[in-house]
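Shown next, in C-alpha coordinates, is the structure this report addresses.
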Amino acid sequence: MFTKTPPMGWNSWNTFADKISEDLILETADAMIERGLKDAGYEYIVIDDCWSLRERDENGDIVTDPVKFPHGMKYLADKIHEKGLKFGMYSCAGVKTCAGFPSSYHNEFRDAKLFASFGIDFLKYDFCNVPQGANGPLLYHTMSLALKESGRDILFSACNWGADHVETWIRSCGAGMYRSTGDIMDKYNSFRDIALSQKDKYAYAGIGCFNDTDMLIVGMKNKGNVALGGCTDTEYKTHFAVWCFCASPLMMGCDLRNVDETSLALMKNKGLLRINQDVECRTPFICGDNGKNGLCWFRHLSDNEYALMFVNYGDKNAEITLDLDKIGLWDGCGHGLKIKDVFTGKTETVSRTKTKRVDAHDCAVYVCKTVEL
Ligand code: GLA
(Lines give C-alpha, C1' and ligand atoms only; values in the text may rest on other atoms or scores of the structure.)
Protein backbone atom coordinates (compact mmCIF):
# COMPACT_ATOMS: atom_id res chain seq x y z
CA MET A 1 0.00 0.00 0.00
CA PHE A 2 1.27 3.42 -0.87
CA THR A 3 1.39 5.56 2.25
CA LYS A 4 1.80 9.31 2.01
CA THR A 5 2.35 10.11 5.69
CA PRO A 6 3.61 8.02 8.64
CA PRO A 7 1.06 5.27 9.45
CA MET A 8 -0.75 5.62 12.80
CA GLY A 9 -2.34 2.90 14.89
CA TRP A 10 -1.88 0.43 17.75
CA ASN A 11 0.10 -2.80 18.05
CA SER A 12 -0.43 -5.53 20.65
CA TRP A 13 3.22 -6.41 21.37
CA ASN A 14 4.51 -3.80 23.82
CA THR A 15 1.88 -4.47 26.45
CA PHE A 16 0.32 -7.84 25.68
CA ALA A 17 2.82 -10.10 23.84
CA ASP A 18 1.17 -13.56 23.81
CA LYS A 19 -1.77 -12.45 26.01
CA ILE A 20 -3.89 -11.52 23.02
CA SER A 21 -7.50 -12.43 22.26
CA GLU A 22 -10.48 -11.47 20.16
CA ASP A 23 -11.99 -9.61 23.14
CA LEU A 24 -8.81 -7.61 23.72
CA ILE A 25 -8.58 -6.61 20.07
CA LEU A 26 -12.23 -5.55 19.84
CA GLU A 27 -12.10 -3.68 23.17
CA THR A 28 -8.96 -1.90 21.99
CA ALA A 29 -10.66 -0.91 18.73
CA ASP A 30 -13.60 0.49 20.72
CA ALA A 31 -11.27 2.34 23.09
CA MET A 32 -9.45 3.85 20.11
CA ILE A 33 -12.74 5.26 18.89
CA GLU A 34 -14.25 6.26 22.25
CA ARG A 35 -11.09 8.03 23.40
CA GLY A 36 -10.93 10.17 20.28
CA LEU A 37 -7.82 8.50 18.90
CA LYS A 38 -9.50 7.51 15.64
CA ASP A 39 -10.59 11.12 15.16
CA ALA A 40 -6.98 12.17 15.82
CA GLY A 41 -5.83 9.98 12.90
CA TYR A 42 -4.97 6.57 14.40
CA GLU A 43 -6.43 3.84 12.20
CA TYR A 44 -4.54 0.52 12.29
CA ILE A 45 -5.19 -2.21 14.88
CA VAL A 46 -2.30 -4.64 14.55
CA ILE A 47 -1.98 -8.10 16.12
CA ASP A 48 1.71 -8.90 16.59
CA ASP A 49 3.33 -12.30 17.24
CA CYS A 50 1.62 -15.30 18.95
CA TRP A 51 -1.73 -15.36 17.13
CA SER A 52 -1.48 -18.88 15.63
CA LEU A 53 -1.07 -22.50 16.66
CA ARG A 54 2.47 -23.90 16.80
CA GLU A 55 2.11 -25.99 13.61
CA ARG A 56 0.73 -25.47 10.13
CA ASP A 57 -2.27 -27.63 9.09
CA GLU A 58 -2.06 -30.60 6.69
CA ASN A 59 -2.42 -28.23 3.70
CA GLY A 60 0.51 -26.19 4.91
CA ASP A 61 -1.52 -23.18 6.08
CA ILE A 62 -0.94 -21.29 9.34
CA VAL A 63 -3.82 -21.96 11.75
CA THR A 64 -5.32 -19.18 13.85
CA ASP A 65 -5.36 -20.08 17.56
CA PRO A 66 -9.02 -21.04 18.16
CA VAL A 67 -8.87 -20.31 21.88
CA LYS A 68 -7.50 -16.78 21.49
CA PHE A 69 -9.56 -16.00 18.39
CA PRO A 70 -12.67 -18.24 18.49
CA HIS A 71 -14.38 -16.68 15.47
CA GLY A 72 -11.23 -16.54 13.33
CA MET A 73 -9.39 -13.64 11.75
CA LYS A 74 -11.86 -12.89 8.95
CA TYR A 75 -14.56 -12.22 11.58
CA LEU A 76 -12.19 -9.92 13.48
CA ALA A 77 -11.14 -8.08 10.34
CA ASP A 78 -14.78 -7.55 9.36
CA LYS A 79 -15.61 -6.20 12.83
CA ILE A 80 -12.67 -3.82 12.74
CA HIS A 81 -13.60 -2.64 9.26
CA GLU A 82 -17.20 -2.07 10.41
CA LYS A 83 -15.80 0.31 13.01
CA GLY A 84 -14.06 2.25 10.27
CA LEU A 85 -10.58 1.04 11.29
CA LYS A 86 -7.94 -1.02 9.49
CA PHE A 87 -6.62 -4.42 10.49
CA GLY A 88 -3.01 -5.57 10.64
CA MET A 89 -1.25 -8.84 11.36
CA TYR A 90 2.26 -10.19 11.79
CA SER A 91 4.55 -12.75 10.22
CA CYS A 92 8.26 -13.21 9.85
CA ALA A 93 10.86 -13.82 7.15
CA GLY A 94 12.39 -16.83 8.94
CA VAL A 95 11.20 -20.38 9.55
CA LYS A 96 9.65 -19.45 12.93
CA THR A 97 8.52 -16.11 14.31
CA CYS A 98 10.54 -14.57 17.14
CA ALA A 99 8.20 -16.28 19.63
CA GLY A 100 8.52 -19.64 17.81
CA PHE A 101 5.29 -19.76 15.78
CA PRO A 102 5.05 -20.75 12.08
CA SER A 103 6.56 -18.10 9.86
CA SER A 104 6.64 -17.32 6.14
CA TYR A 105 10.08 -18.42 4.89
CA HIS A 106 9.44 -20.18 1.54
CA ASN A 107 5.69 -19.93 2.21
CA GLU A 108 5.38 -16.28 1.23
CA PHE A 109 2.79 -16.59 -1.57
CA ARG A 110 0.67 -19.10 0.36
CA ASP A 111 0.70 -16.96 3.52
CA ALA A 112 0.05 -13.69 1.70
CA LYS A 113 -3.03 -15.28 0.14
CA LEU A 114 -4.22 -16.47 3.54
CA PHE A 115 -3.69 -13.03 5.10
CA ALA A 116 -5.53 -11.42 2.19
CA SER A 117 -8.42 -13.88 2.69
CA PHE A 118 -8.64 -12.70 6.30
CA GLY A 119 -8.95 -9.12 5.03
CA ILE A 120 -5.78 -7.57 6.43
CA ASP A 121 -4.61 -4.06 5.48
CA PHE A 122 -1.16 -4.20 7.08
CA LEU A 123 1.53 -6.85 7.56
CA LYS A 124 4.43 -6.47 9.96
CA TYR A 125 7.25 -8.74 8.77
CA ASP A 126 9.89 -9.69 11.33
CA PHE A 127 13.38 -11.15 10.91
CA CYS A 128 13.91 -13.98 13.42
CA ASN A 129 15.07 -17.52 12.59
CA VAL A 130 16.22 -16.77 9.06
CA PRO A 131 18.16 -19.79 7.70
CA GLN A 132 21.90 -19.30 7.52
CA GLY A 133 22.99 -18.07 4.11
CA ALA A 134 19.56 -16.70 3.18
CA ASN A 135 19.64 -13.26 1.60
CA GLY A 136 17.84 -10.92 4.03
CA PRO A 137 16.92 -8.17 1.56
CA LEU A 138 15.57 -10.72 -0.95
CA LEU A 139 13.28 -12.21 1.70
CA TYR A 140 11.63 -8.78 2.01
CA HIS A 141 11.40 -8.48 -1.76
CA THR A 142 9.68 -11.88 -1.94
CA MET A 143 7.00 -11.06 0.64
CA SER A 144 6.39 -7.68 -0.93
CA LEU A 145 5.75 -9.32 -4.31
CA ALA A 146 3.50 -11.91 -2.66
CA LEU A 147 1.44 -9.23 -0.91
CA LYS A 148 1.05 -7.29 -4.13
CA GLU A 149 -0.23 -10.43 -5.84
CA SER A 150 -2.60 -11.31 -3.00
CA GLY A 151 -5.55 -9.31 -4.24
CA ARG A 152 -5.61 -6.84 -1.31
CA ASP A 153 -3.93 -3.50 -0.88
CA ILE A 154 -1.68 -4.24 2.10
CA LEU A 155 0.80 -1.93 3.81
CA PHE A 156 4.09 -3.79 4.12
CA SER A 157 5.76 -3.01 7.44
CA ALA A 158 9.27 -4.45 7.39
CA CYS A 159 10.99 -5.21 10.69
CA ASN A 160 14.63 -6.28 10.37
CA TRP A 161 15.79 -3.96 13.20
CA GLY A 162 18.16 -1.93 11.01
CA ALA A 163 20.18 -4.94 9.78
CA ASP A 164 21.90 -5.17 6.36
CA HIS A 165 21.93 -1.35 5.95
CA VAL A 166 18.19 -1.64 5.51
CA GLU A 167 17.70 2.08 4.88
CA THR A 168 19.57 1.79 1.57
CA TRP A 169 17.38 -0.91 -0.03
CA ILE A 170 14.08 -1.17 1.80
CA ARG A 171 12.35 1.50 -0.30
CA SER A 172 13.28 -0.43 -3.43
CA CYS A 173 11.38 -3.51 -2.27
CA GLY A 174 8.03 -1.76 -1.87
CA ALA A 175 7.76 -1.47 1.95
CA GLY A 176 5.66 1.38 3.37
CA MET A 177 7.59 1.56 6.64
CA TYR A 178 10.54 -0.28 8.15
CA ARG A 179 12.03 -0.75 11.59
CA SER A 180 15.35 1.03 11.64
CA THR A 181 16.27 0.01 15.21
CA GLY A 182 16.16 -2.81 17.74
CA ASP A 183 13.25 -3.22 20.16
CA ILE A 184 12.11 -0.37 22.38
CA MET A 185 11.60 -0.96 26.12
CA ASP A 186 9.51 1.07 28.54
CA LYS A 187 12.35 3.07 30.11
CA TYR A 188 14.04 6.37 29.35
CA ASN A 189 17.45 5.09 28.19
CA SER A 190 15.83 2.82 25.65
CA PHE A 191 14.06 5.50 23.64
CA ARG A 192 16.93 8.00 24.13
CA ASP A 193 19.44 5.54 22.67
CA ILE A 194 17.12 4.73 19.77
CA ALA A 195 16.60 8.42 19.03
CA LEU A 196 20.31 9.27 19.17
CA SER A 197 21.20 6.28 16.99
CA GLN A 198 18.92 7.58 14.23
CA LYS A 199 20.31 11.11 13.89
CA ASP A 200 21.93 10.38 10.54
CA LYS A 201 19.18 8.13 9.19
CA TYR A 202 16.23 10.50 8.98
CA ALA A 203 16.97 11.53 5.40
CA TYR A 204 15.93 8.03 4.33
CA ALA A 205 12.34 8.57 5.50
CA GLY A 206 9.91 10.09 3.07
CA ILE A 207 6.65 9.75 1.19
CA GLY A 208 5.95 6.07 0.55
CA CYS A 209 8.38 4.59 3.11
CA PHE A 210 8.96 5.77 6.69
CA ASN A 211 11.67 4.99 9.25
CA ASP A 212 9.96 3.15 12.08
CA THR A 213 11.82 3.79 15.33
CA ASP A 214 9.53 1.20 16.98
CA MET A 215 6.17 1.29 18.67
CA LEU A 216 5.29 3.91 21.25
CA ILE A 217 5.71 3.25 24.96
CA VAL A 218 3.67 6.34 25.91
CA GLY A 219 1.18 5.50 28.66
CA MET A 220 2.60 2.05 29.46
CA LYS A 221 3.57 3.21 32.95
CA ASN A 222 5.76 0.17 33.49
CA LYS A 223 2.98 -2.34 32.79
CA GLY A 224 3.21 -5.13 30.23
CA ASN A 225 5.64 -6.99 28.05
CA VAL A 226 8.37 -4.39 27.41
CA ALA A 227 8.11 -2.70 30.82
CA LEU A 228 11.55 -2.04 32.23
CA GLY A 229 10.96 0.59 34.90
CA GLY A 230 8.64 2.89 32.97
CA CYS A 231 9.05 6.59 32.18
CA THR A 232 7.89 9.84 33.77
CA ASP A 233 5.22 11.91 32.02
CA THR A 234 8.00 14.30 30.95
CA GLU A 235 9.92 11.44 29.37
CA TYR A 236 6.84 10.14 27.53
CA LYS A 237 6.32 13.68 26.28
CA THR A 238 9.86 13.80 24.87
CA HIS A 239 9.56 10.31 23.36
CA PHE A 240 6.33 11.19 21.58
CA ALA A 241 7.58 14.62 20.46
CA VAL A 242 10.75 13.14 18.96
CA TRP A 243 8.85 10.34 17.18
CA CYS A 244 6.49 12.98 15.75
CA PHE A 245 9.25 15.36 14.78
CA CYS A 246 11.23 12.68 12.97
CA ALA A 247 8.25 11.30 11.00
CA SER A 248 8.20 7.88 12.65
CA PRO A 249 5.04 5.83 12.27
CA LEU A 250 2.97 6.25 15.45
CA MET A 251 1.95 2.78 16.60
CA MET A 252 0.66 3.05 20.15
CA GLY A 253 1.70 0.26 22.49
CA CYS A 254 -0.10 0.85 25.79
CA ASP A 255 -3.40 -0.60 27.01
CA LEU A 256 -5.80 1.85 25.37
CA ARG A 257 -8.66 0.65 27.57
CA ASN A 258 -6.93 2.04 30.65
CA VAL A 259 -4.68 4.79 29.34
CA ASP A 260 -4.30 7.82 31.64
CA GLU A 261 -5.54 11.25 30.56
CA THR A 262 -2.08 12.85 30.34
CA SER A 263 -0.80 10.20 27.94
CA LEU A 264 -4.02 10.31 25.96
CA ALA A 265 -3.85 14.10 25.55
CA LEU A 266 -0.20 13.78 24.52
CA MET A 267 -0.94 11.22 21.80
CA LYS A 268 -3.71 13.50 20.50
CA ASN A 269 -1.66 16.72 20.62
CA LYS A 270 -2.67 18.52 17.44
CA GLY A 271 0.58 20.44 16.97
CA LEU A 272 2.74 17.33 17.27
CA LEU A 273 0.50 15.31 14.96
CA ARG A 274 0.48 18.16 12.46
CA ILE A 275 4.29 17.93 12.36
CA ASN A 276 4.32 14.11 12.14
CA GLN A 277 1.71 13.99 9.38
CA ASP A 278 3.08 16.86 7.31
CA VAL A 279 2.47 16.09 3.64
CA GLU A 280 5.90 17.21 2.47
CA CYS A 281 7.70 14.66 4.71
CA ARG A 282 10.91 16.69 4.84
CA THR A 283 13.97 15.66 6.83
CA PRO A 284 14.62 17.37 10.19
CA PHE A 285 18.13 18.70 10.75
CA ILE A 286 20.18 19.67 13.80
CA CYS A 287 20.68 23.43 14.13
CA GLY A 288 22.01 23.56 17.69
CA ASP A 289 24.03 21.26 19.96
CA ASN A 290 25.16 22.11 23.51
CA GLY A 291 27.72 19.26 23.48
CA LYS A 292 25.88 17.48 26.32
CA ASN A 293 23.11 15.79 24.38
CA GLY A 294 21.05 18.98 24.27
CA LEU A 295 19.92 19.38 20.67
CA CYS A 296 17.93 21.88 18.65
CA TRP A 297 16.17 20.53 15.56
CA PHE A 298 14.47 22.32 12.66
CA ARG A 299 12.20 20.97 9.96
CA HIS A 300 10.47 22.51 6.98
CA LEU A 301 6.72 21.84 6.84
CA SER A 302 4.08 22.51 4.20
CA ASP A 303 2.23 25.88 3.97
CA ASN A 304 5.46 27.80 4.59
CA GLU A 305 5.54 26.64 8.20
CA TYR A 306 8.42 25.09 10.12
CA ALA A 307 8.88 22.93 13.19
CA LEU A 308 11.42 23.65 15.91
CA MET A 309 12.38 21.37 18.80
CA PHE A 310 14.72 21.74 21.77
CA VAL A 311 15.40 18.38 23.37
CA ASN A 312 17.56 17.67 26.38
CA TYR A 313 18.66 14.03 26.42
CA GLY A 314 21.18 14.86 29.16
CA ASP A 315 20.58 14.00 32.81
CA LYS A 316 20.88 17.62 34.04
CA ASN A 317 18.90 20.75 33.23
CA ALA A 318 20.61 22.57 30.41
CA GLU A 319 20.51 25.55 28.11
CA ILE A 320 20.18 24.94 24.39
CA THR A 321 20.58 27.75 21.90
CA LEU A 322 18.95 28.30 18.55
CA ASP A 323 20.95 30.71 16.41
CA LEU A 324 18.93 31.77 13.37
CA ASP A 325 22.15 31.75 11.34
CA LYS A 326 22.02 27.93 11.58
CA ILE A 327 18.73 27.71 9.74
CA GLY A 328 19.71 30.20 7.04
CA LEU A 329 18.42 33.47 8.52
CA TRP A 330 21.75 35.36 8.57
CA ASP A 331 22.35 38.35 10.81
CA GLY A 332 21.05 41.40 8.96
CA CYS A 333 18.68 39.54 6.65
CA GLY A 334 15.82 41.41 8.29
CA HIS A 335 13.79 38.31 9.09
CA GLY A 336 13.14 36.26 12.18
CA LEU A 337 10.87 33.47 13.37
CA LYS A 338 7.47 33.66 14.98
CA ILE A 339 7.18 30.51 17.09
CA LYS A 340 4.14 28.90 18.71
CA ASP A 341 4.52 26.38 21.53
CA VAL A 342 2.57 23.19 20.65
CA PHE A 343 1.89 22.48 24.33
CA THR A 344 0.87 25.93 25.63
CA GLY A 345 -0.12 27.80 22.46
CA LYS A 346 2.11 30.71 23.58
CA THR A 347 3.75 32.67 20.77
CA GLU A 348 6.93 34.76 20.63
CA THR A 349 9.26 36.22 18.03
CA VAL A 350 12.90 35.18 17.75
CA SER A 351 14.92 37.89 16.07
CA ARG A 352 18.48 36.47 16.42
CA THR A 353 18.98 33.73 18.99
CA LYS A 354 16.85 31.91 21.51
CA THR A 355 18.38 30.16 24.48
CA LYS A 356 15.96 27.76 26.03
CA ARG A 357 16.41 26.26 29.46
CA VAL A 358 15.22 22.67 29.19
CA ASP A 359 14.86 20.31 32.13
CA ALA A 360 16.63 16.95 32.01
CA HIS A 361 14.83 14.55 29.61
CA ASP A 362 12.37 17.29 28.62
CA CYS A 363 11.71 19.06 25.32
CA ALA A 364 9.99 22.10 23.83
CA VAL A 365 8.35 22.06 20.41
CA TYR A 366 7.09 24.90 18.25
CA VAL A 367 5.43 25.46 14.90
CA CYS A 368 6.92 28.55 13.26
CA LYS A 369 6.69 31.03 10.41
CA THR A 370 9.27 33.52 9.18
CA VAL A 371 8.47 37.19 9.88
CA GLU A 372 9.90 40.47 8.70
CA LEU A 373 11.54 42.27 11.63
C1 GLA B 1 10.72 -8.81 17.46
C2 GLA B 1 10.18 -7.47 17.00
C3 GLA B 1 9.14 -6.96 18.00
C4 GLA B 1 8.02 -7.99 18.15
C5 GLA B 1 8.60 -9.34 18.54
C6 GLA B 1 7.56 -10.45 18.50
O7 GLA B 1 11.47 -8.69 18.63
O8 GLA B 1 11.21 -6.54 16.82
O9 GLA B 1 8.63 -5.73 17.60
O10 GLA B 1 7.31 -8.09 16.94
O11 GLA B 1 9.66 -9.74 17.68
O12 GLA B 1 8.07 -11.69 18.86
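A side-chain donor-acceptor contact under 3.5 Å links Y178 and N211. Judged purely by distance below 3.5 Å, without hydrogens or angles, the side chains of S263 and D260 pair a donor atom with an acceptor atom. Side-chain atoms of E167 and S180 include no donor-acceptor pair closer than 3.5 Å. In summary, the side chains of T97 and D49 do present a donor paired with an acceptor at a separation below 3.5 Å, with no hydrogens or angles considered. D278 and S302 form a side-chain donor-acceptor contact under 3.5 Å, judged by distance and modelled atom types alone. E108 and T142 are not linked by any side-chain donor-acceptor pair at a separation below 3.5 angstrom, with hydrogens and angles left out of the test. Side-chain contact, H300 with E280: no donor N or O sits under 3.5 Å from an acceptor N or O. Side chain to side chain, D126 and W161 meet the donor-acceptor criterion of an N or O pair below 3.5 Å. S52 and T64 share no side-chain donor-acceptor pair at under 3.5 Å.
Counting non-hydrogen atoms of other residues, nucleotides and ligands closer than 6.0 Å to NZ of K79 gives a total of 12 or fewer. K369 NZ: more than 12 foreign heavy atoms inside a 6.0 Å radius. Environment of CD in E27: crowded, with over 12 heavy atoms of neighbouring residues, nucleotides or ligands closer than 6.0 Å.
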Stepwise side-chain contact (heavy atoms from CB on, under 4.5 Å) check, L196 with Y313: CA-CA 9 Å; L196 290 173; Y313 289 117; 3.6 Å; yes
Working for salt bridge (Lys or Arg N to Asp or Glu O under 4.0 Å), residues K86 and D153: CA-CA 11 Å; K86 293 181 178 162; D153 194 12; over 6 Å; no
Test F87 against I47 for side-chain contact (heavy atoms from CB on, under 4.5 Å), laying out the working first. CA-CA 8 Å; F87 182 50; I47 300 178; 3.7 Å; yes
Evaluate D39 against I33 for side-chain contact (heavy atoms from CB on, under 4.5 Å), listing each step before the verdict. CA-CA 7 Å; D39 287 343; I33 296 165; over 6 Å; no
Start with the C-alpha distance between D186 and K223, add both sets of side-chain angles, then the distance that settles salt bridge (Lys or Arg N to Asp or Glu O under 4.0 Å), and finish with yes or no. CA-CA 9 Å; D186 184 20; K223 285 199 201 89; over 6 Å; no
I'd like to know whether V130 forms a side-chain contact (heavy atoms from CB on, under 4.5 Å) with L139, so could you lay out the CA-CA distance, the side-chain angles of the two residues, the decisive distance to 0.1 Å, and finally the verdict. CA-CA 9 Å; V130 168; L139 297 179; 3.6 Å; yes
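Proximity of a side-chain donor or acceptor of E235 to a complementary backbone N or O of T232 within less than 3.5 Å is detected. A donor-acceptor pair is defined here as one N or O able to donate and one able to accept, closer than 3.5 Å; no such pair exists between the side chain of K270 and the backbone of V342. One N or O on the side chain of S190 and one on the backbone of M185 form a donor-acceptor pair closer than 3.5 Å. For the pair N312 (side chain) and K316 (backbone), a donor-acceptor distance under 3.5 Å is present. Checked by atom type and distance alone, the side chain of T238 pairs as donor or acceptor with a backbone atom of H361 at under 3.5 Å. The backbone N or O of L76 lies less than 3.5 Å from no partner atom in the side chain of E22, so there is not a single donor-acceptor pair. Using a distance-only test at 3.5 Å, with no hydrogens or angles considered, a donor-acceptor pair links the side chain of S21 to the main chain of L24. Listed for the S103 side chain is a donor-acceptor partner under 3.5 Å among the backbone atoms of G94. Of the possible polar contacts, one joining the R299 side chain to the F245 backbone as a donor-acceptor pair under 3.5 Å is found. Of the possible polar contacts, one joining the K68 side chain to the C50 backbone as a donor-acceptor pair under 3.5 Å is found.
How far NZ of K268 is from CG of L273: 10.5 Å, rounded to the nearest 0.5 Å. In this structure, CD on E34 lies 12.0 Å from CZ on R257, to the nearest 0.5 angstrom. For the atom pair CG of D341 and NZ of K346, the computed distance is 8.0 Å after rounding to the nearest 0.5 Å. With rounding to the nearest 0.5 angstrom, the CZ atom of R179 is 12.5 Å from the CD1 atom of I170. Within the model, atoms CG of D315 and CG of N189 stand 7.5 Å from one another, a figure rounded to the nearest 0.5 Å.
Counting Ile, Leu, Val, Met, Phe, Trp and Tyr side chains that sit under 4.5 Å apart, directly or through other members, L329 shares a hydrophobic cluster with F285, F298, Y306, L308, F310, I320, L322, L324, I327, L337, I339, V350, V358, Y366.
Listed here is the closest heavy atom pair of P7 and Y44: CB-CE1, 4.1 Å. When all heavy atoms of F115 and S104 are compared, the closest pair comes out as CE1-OG, 4.4 Å. The shortest heavy-atom contact between E305 and V367 is OE1-CG1, 3.7 Å. Nearest heavy-atom pair, I154 versus S150, reported as atom, atom and distance to 0.1 Å: CD1-OG, 3.7 Å. Nearest approach of C231 to I217, heavy atoms of both residues: SG-CD1, 3.9 Å. Across all non-hydrogen atoms, the minimal contact from D164 to P137 is OD2-CD, 3.7 Å.
Electrostatic pairing of R110 and D61 counts as a salt bridge here, judged by a charged N lying under 4.0 Å from a carboxylate O. Checked for salt-bridge contact, E348 and K340 miss the test: no charged N lies under 4.0 Å from a carboxylate O. One finds a salt bridge joining D78 and K74 here, because a Lys/Arg side-chain nitrogen approaches an Asp/Glu carboxylate oxygen to under 4.0 Å. By the 4.0 Å N-to-carboxylate-O rule, D233 lies close enough to K221 to be salt-bridged with it. A salt bridge does not link K354 to D323: none of the charged side-chain nitrogens sits closer than 4.0 Å to a carboxylate oxygen.
With ring centers used as reference points, Y204 lies 6.0 Å or more from W169. Aromatic ring centroids of W243 and H239 lie under 6.0 Å apart. Here Y125 and F156 bring their ring centres to under 6.0 angstrom of each other.
When the SG-SG distance for C98 and C128 is compared with the 2.5 Å cut-off, it comes out below that value.
Sorted by first then second residue, the side chain to side chain donor-acceptor pair (under 3.5 Å) pairs that include residues 326-335, not counting sequence neighbours, number zero.
Ring geometry, F127 versus Y140: the interplanar angle falls from 30° to 60°, so the pair is classed tilted.
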